[in-house]
Amino acid sequence: MLDPKFIRENLDFVREKLAKKRFTVDLDGFINLDLQRRNVVGEADVLKNRRNTVSREIAEIKKAKGNADSLIAEMKTVSDKIQELDGTLRGIETQIDEVLLNIPNLPHDSVPFGKTENDNVVLATFGEKRKFDFPVLDHVELIEKHEIIDLKRGAKVTGSGFPIYKGDGARLQRALISFFLDQNVNVYGFTEISPPLLVNADSARGTGQLPDKEAQMYETKMEGFFLIPTSEVPLVNLFRDEILEEKKLPVYVTGYTPCFRREAGSYGKEVKGITRIHQFDKVELVKICKPEDSYTEFDDLVENVTETLVLLEMPFRQLHICTGDMGVTQTKTIDMEVWSPSQEKWLEVSSISNCESFQARRANIRFRRNETGKVEFVHTLNGSGLALPRIIIALLENFQQKDGSILLPKALQKYFGKEKIGN
RNA sequence: GGAGGUGUAGUCUAACGGUAAGGCAGCAGUCUUGAAAACUGCCGGGUAAUACCCUUGAAGGUUCGAAUCCUUUCACCUCCGCCA
């Protein structure tokens, strides 16, 4: 959510930034509603002041056993008018909230201008693509060969896109989760959190899943809870409606959770194997910090994820997402992509974003600045560290040997308990 | 799931239906070589504001006026039932 006051005072700037994100919003309608709101509040405040003053007078008169009937009669009409104005105000505020909740965040000045994903900018590429002297198997062939992921039975038990990890597949999953969490906690200084996998609507709204991405989430029938599409949702909402102490900032939290996504409308695209599935595991990183620190925190976060990827010894690249391809909540996003030799394509395994105060405003997460004593919104950042299925795809494909076995990178071997899958 | 009880600001604790009082913690400052103590200010939110408005878990209702009375709901505690 943007600051209504900022919109009011920087109308052209906001309009221009939104256009870069290929978004048109009825800002004039908003300005008009905002003006109405302030008028009604002003009118109601005058009457409330009158009511508060006279109520005290009535109390005095009653105490002195006097007659306050005429004042009480006057207050009756004043109260009725206040009630009417408050009703009007509620209506206006509902409309304003609806507009505000649907205005996306503004892109940061450093973000490259572009219209589609083709305009994203490659910032850096790491590692060498391996030359294979034998026919490369794709990940689907490899998981079948080693019987480590069972897609058919997953489809039977639940549905398509709910894979079953088995034997070394399940073990690899567990090894990756431990490796990522240890890296985040021991090396980068994050606190490990194991959050609920279901959240309420207030939380979903706080991080921006509602109203924009409701169709992407699974919802429980009786309670109206949502299965989390990413642990970013519970991790950021840990601090919803709180005022944090300045000295507690920045907050670094990391968590492993399964993630659930309906992926409505994406059928036919990337349906093969485990590239795009309804339930997948992910380790997430979240930072809560002061506004002036968020871009250095962002750079550090990118560095952390990069370092983890380097340890996996696979070719990967950093991609600066352009204005037109960015999501709703972010001001700046850098994606990490690993190389798939079978598809000869880069696969997104991490997305690192600064949301500035957009989520903080929705979720009402603030801190008190000691210097001024004032309360301000924090900035929130998040990044995957990392998403598992595509890491598994890349590991299987990049580390396959001529005999079909998978020789794992050194960093993973101790977590996995052995050097390779197969033979 | 059933019965009962409790929710006041970061925390503890007041307020016959008359408009949220205090303590502690915290922050800033004075004093001090430094710290502690003491003293001063701030210390729920909005606002440029010491004006004014809003705030007693949340949402409604009764009333001129609600922390207080009523209804619904949420969280926590105790007991019973069920259960990994």
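Reminder, nothing fancy here: chain letters follow the sequence lines and each chain counts from 1.
Atom CD in A:Glu245 sits roughly 9 Å away from atom P in B:G26 (whole-Å rounding). For the pair A:Asp69 CG and B:G65 C1', the computed distance is 15 Å after rounding to whole Å. The distance from atom CE of A:Met75 to atom P of B:U19 is 16 Å, rounded to the nearest whole Å. Between the C1' atom of B:A59 and the CG atom of A:Asp202 lies a distance of 13 Å, rounded to the nearest Å. Rounded to a whole Å, the CD atom of A:Glu371 is 11 Å from the C1' atom of B:A28. In this structure, CZ of A:Phe367 is placed 15 Å from P of B:C27, rounded to the nearest angstrom. Look at CD on A:Gln83: it is 11 Å from P on B:G60, rounded to the nearest Å. Rounding to whole angstrom units, CZ of residue A:Arg90 and P of B:A58 are separated by 16 Å.
For B:G34, there is no paired base (Watson-Crick or G-U wobble, both distances below 3.5 Å). In this structure, B:U47 makes no Watson-Crick or G-U wobble pair, since no nucleotide meets both defining distances under 3.5 angstrom. Using N1 to N3 plus N6-O4 or O6-N4 for Watson-Crick, or N1-O2 and O6-N3 for G-U wobble, each under 3.5 Å, B:C39 pairs with B:G29. Pairing for B:C83 is absent, with no Watson-Crick or G-U wobble pair whose two atom distances lie under 3.5 Å. B:G4 is paired with B:C77 under the criterion used here, namely a Watson-Crick or G-U wobble arrangement in which both key atom distances are under 3.5 Å. In this structure, B:G18 and B:C64 make a Watson-Crick or G-U wobble pair, each of the two defining distances being under 3.5 angstrom.
Heavy atoms of other residues, nucleotides or ligands lying less than 6.0 angstrom from CD of A:Glu348 number more than 12. The local environment of CD in A:Glu57 is crowded, with over 12 non-hydrogen atoms from other residues, nucleotides or ligands closer than 6.0 Å.
Straight-line distance between the P atoms of B:G45 and B:U11: roughly 13 Å, to the nearest whole Å. Of the P atoms belonging to B:U8 and B:A59, the separation is 16 Å, rounded to the nearest Å. Distance noted for atom C1' between B:U47 and B:A66: 26 Å (whole Å). Only the P atoms considered, B:G5 is 14 Å distant from B:U72, to the nearest whole Å. B:C70 and B:G81 have their C1' atoms separated by 31 Å, given to the nearest Å. With C1' as the reference atom, B:U19 and B:A25 are 29 Å apart, rounded to whole Å. When the P atom is used for both B:A51 and B:G2, the distance is 49 Å, rounded to whole Å. Going from the C1' atom of B:U56 to that of B:A49 covers 26 Å, rounded to whole Å.
A donor-acceptor contact closer than 3.5 angstrom is absent between the side chains of A:Ser384 and A:Ser351. Side-chain contact, A:Thr207 with A:Arg362: no donor N or O sits under 3.5 Å from an acceptor N or O.
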Subject >> Contact pattern, 5' to 3', of nucleotides 39-57 of chain B - B, S or - by protein heavy atom under 4.0 Å >> reply: -----SSS-SS--SSS---
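Using a 4.0 Å cut-off between charged nitrogen and carboxylate oxygen, A:Glu245 and A:Arg368 do not count as a salt-bridge pair. A salt bridge links A:Glu284 with A:Lys282: the closest approach of a Lys/Arg side-chain nitrogen to an acidic carboxylate oxygen falls below 4.0 angstrom. Under 4.0 Å is where a charged nitrogen must lie from a carboxylate oxygen, and between A:Asp138 and A:Lys272 at least one such pair does.
Proximity of A:Lys62 to the phosphate of B:G18: no side-chain N or O atom is located under 4.0 Å from OP1 or OP2. Close to B:U63, at under 4.0 Å from its OP1 or OP2, lies no side-chain N or O of A:Ser79.
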**OP:** Test A:Thr306 against A:Gln318 for side chain to side chain donor-acceptor pair (under 3.5 Å), laying out the working first.
**Re:** CA-CA 8 Å; A:Thr306 301; A:Gln318 298 173 339; 2.8 Å; yes
**OP:** List the steps and the verdict of salt bridge (charged side-chain N to carboxylate O under 4.0 Å, His left out) for A:Arg366 and A:Glu376.
**Re:** CA-CA 5 Å; A:Arg366 295 170 293 177; A:Glu376 296 177 37; over 6 Å; no
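Taking for each of A:Asn370 and A:Ser55 the nucleotide of RNA chain B with the nearest heavy atom, the 5'-most of the two is the partner of A:Ser55. Map A:Arg369 and A:Lys76 each onto its nearest nucleotide of RNA chain B; the residue landing nearer the 5' end is A:Arg369.
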